[in-house]
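Quick note on labels: first sequence line is chain A, next is B, and so on, each numbered from 1.
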Amino acid sequence: MTPLEVIFWIASAVILISAIMMVTRRNLVHAALFLIVTLFGVAVYYVLLEASFLAVVQILVYIGAIAILVIFAVMLTRQVTNPGQLFNKHASLALVMSILVFIGLYLALSVWPEFSAVAPEADTAAAISNLGTAFFVEEDGQPVYLLATMTASVLLLIPLVGAIFVARQKE
Amino acid sequence: MLDNWMFIGLLVIVAVALPTLPIVVARILAPRKPNAQKMETYECGMETVGETWVQFKMQYYVYALVFLVFDVEIIFLYPWAVSFDQMPLLGVIAGVLFIFLLGDGLVYAWRKGALEWK
Amino acid sequence: MNYDPIAIFAEWLRELLTSWNLSDDFATVILKLIGAVVVAGLALGIFILQTWLERKVAGRMQDRFGPNRVGPFGLLQPIADALKMVTKEDTTPESADKVSYNIAPVMAVFAVLMIWGVVPYSSTWVGTDLDVGVLYIGAVGSFGVLAVLMAGWSSNNKYALLGAFRGVAQLISYEVPLLLSLVIPVFLARSMNLNEIIGKQGDVGWFIVFAPLAFVIFFISNLAEIGRTPFDLLEAESEIVAGYHVEYSGMKFGLFQAGEFAHSFASAALISILFFGGWQPAASPWLGAVVFFAKTTFFYFVIMWIRLTLPRIRIDHMMAMNWKFIVPLNIILLMTVPLLDYFVKDLGATRMYAHFGLNMVLLIGAIVVAGRAIKKSEPDRVRFPERAVAVPPKEETEEVAA
Amino acid sequence: MIPLSNYLIVAAGLFSIGLYAVLARKNAIMILMGIELMLNAVNINLVAFWRYLTPENVSGQVFAAMVFVVAAAEVAVGIALIMTVYRRRDTVSADEINLMKW
């Protein structure tokens, strides 16, 4: 096993185990902390896939913002240890469905010819500046994402509207 | 590039181990004589009343939301700044427009009073 | 002149390791591990020196001696402090969430130590040359926020939680101008790699001239991120006991303290790298490191100076300053600077003057607008009453005269 | 070298766990966290496809960035809604939020 493979298996184990831990926690802050561990593992994946920009953004956006937001929400709704039933009455059905989805995904992917492709040699260092041009430049022959970027910008206004909404509520 | 990240990975291990070490040393060296009063929650000598989660302002959450917006904006701004030399005028204007839209949102939130600390 | 002892040492060590029949990969891992230990150890070593320096400077500024009992000039004081910390009883409140409670101080130090992984000490001495260095610094900062939140929540104490909420509100608010102002040096250097940013400053001039406004914003938001006195609302010992770490004692409290100190030095290092050319103009590794640390110590001194001089800001003022002044100003800066740069980017020295001029215009405009807004919002500001003079009662004086 | 299949299988597993959280947990915040897991699984796939199939074209990374944006907006609005419901009805249990049912 190469060092890369060792890191890959450790990261996979961390991702899956902490995801399962997250789902089964009663204490929601603990669940959020396990979510953070999972997200960190995904960041390691991005590093292994040589998408260093996304790895850093994963930490910045997911751990730095989204996870903090979730923990805030847990604390503000005072539902840290939610009493009573953890799972709803369809929990066993949901478990069966999730496993079926996993098997279905696996079967669907395994017949795909590229399923066990090996990574080609590539210059991934240029990806960051290519990202910049991909986001903002419209070029012939290149895929065009300018519209998507602008839509993202508009989409980001929605949380601001949400902020106004939350701020204006009466105590 | 993975070589660089290997250093970061090792630094993660070291940076966790280094602060853990004094805690472990302190656990060995420091005295431990717990008693019921010492282990109480500190509240200026009073016994703590009620649960910890008492009324918190929604305002905290509002700031977190506005922060989230700008944090995500970063994804687009940094690659834009890095690849500015390859940018035609259209790209420059698109980027400025992108920032303008978000600044516009901030001004709107401001006018609607979301940024007031109450 | 470019004698590089670390490179020579690394080469020698690699040869030694491979002569023991270790594979090349394994030797690389060992070398990098040693590098990581050196980088993290250096940061902690600086922290130990800092505790002495900070108390000495604080003493001088407040007209007292500071530590002067242990060793010459009190230089051994940090060791005495460390011994005391380690042998002090460490209480954990009964109702605390044990795991989070113990992880939080480690994470607070972790977040700061990680910054040093990408800081270039000189042209060749650098932990690692990440091509996303600047963004990486922003990313590891989010672990600091997490540490505050975990410490406050796990203590299960109202004051701690209140402090944590305030602290997180402050940290995330000021992370916005921090990240947005970092775009400007990245933009000017067209790179996120810290060493390339420094190299670019050697070519075109230090970015403080190009972007004084970004520097001011970066400096202020860094002060807030450190959480020291003008912005120490997350501690605010006179208001909410001691904020999020009220329950911590002994070594764990010491770690929070270490995180704060190391963070202030790391911020000074970032300021000197991003805006003052880092190890420039010295090309040789030795001299570069000396120049870098001299600059960093200077900015660390400025941070200390501010801490020891200014009183605490009120929380609503602090938030208003961030969201209604710094962030809008930063957004305007981000919209105008690229537009200007698109037209002047090939003009050499003119480019520098253009950038400087634009920054000055924006700065003056912002000060004027903000001044008017403040006057408008607080028309009946509390003014000092007319100076009271001790006047003897009238009757008495008349009596005496008669 | 690690084949593409490893990443895809782990991503599928992560997706299924997220799906289970969404379907089975009562707490609405927990459901949002499950959605985050699912989005992360999707992102792993996008980045893995980029690296293994089209590394010369950054489309995969662009899509992943868009997923970040959508995830952030979704969490922000979702939690704002949950908090509003919590204030009105004093619950965050998805079973009890049945205003729209009839």
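- The closest side-chain heavy-atom distance from V69(B) to L65(B) is not below 4.5 Å.
- The aromatic ring centroids of Y45(A) and F8(A) lie less than 6.0 Å from each other.
- At a 4.5 Å heavy-atom cutoff, the contact between V61(A) and chain B is made by backbone and side-chain atoms alike.
- Within 6.0 Å of CE in M97(A) there are 12 or fewer heavy atoms belonging to other residues, nucleotides or ligands.
- When heavy atoms are compared at a cutoff of 4.5 Å, F67(B) approaches chain A solely by way of its side chain, counted from C-beta outward.
- A distance of 6.0 Å or more separates the ring centres of W80(B) and F76(B).
- Using a 4.5 Å heavy-atom threshold, the side chains of T151(A) and L147(A) count as touching.
- Residues of residues 36-44 of chain A never come closer than 4.5 Å to chain B when only heavy atoms are counted.
- Using a 4.5 Å cut-off on side-chain heavy atoms (C-beta onward), F98(B) and E73(B) make contact.
- For the atom pair M75(A) CE and L28(A) CG, the distance stands at 11.0 Å (nearest 0.5 Å).
- Of the listed residues (L131(A), L155(A), V56(A), L60(A)), the one with the most heavy-atom contacts under 4.5 Å to chain B is L60(A).
- With R111(B) contributing its side chain and V107(B) its backbone, the two residues share no donor-acceptor pair below 3.5 Å.
- Here L101(B) is the residue among V92(B), L101(B), I93(B) with the most heavy-atom pairs under 4.5 Å with chain A.
- The candidate with the highest count of non-hydrogen atom pairs below 4.5 Å against chain B, out of V161(A), V47(A), L48(A), L4(A), is V47(A).
- Heavy-atom pairs under 4.5 Å with chain A peak, among A94(B), A81(B), G105(B), at A94(B).
- Of the possible donor and acceptor atoms, one in the side chain of T149(A) sits under 3.5 Å from a partner among the backbone N and O of F135(A).
- When A109(B), P79(B), G95(B) are compared by the number of non-hydrogen pairs under 4.5 Å with chain A, P79(B) comes out ahead.
- No side-chain heavy atom of L90(B) sits under 4.5 Å from any side-chain heavy atom of V137(A).
- For a residue to count as touching a neighbouring chain, one of its non-hydrogen atoms must lie under 4.5 Å from one of that chain's; by this rule Y63(B) does not touch chain A.
- Heavy-atom distances place the backbone of L106(B), and not its side chain, under 4.5 Å from chain A.
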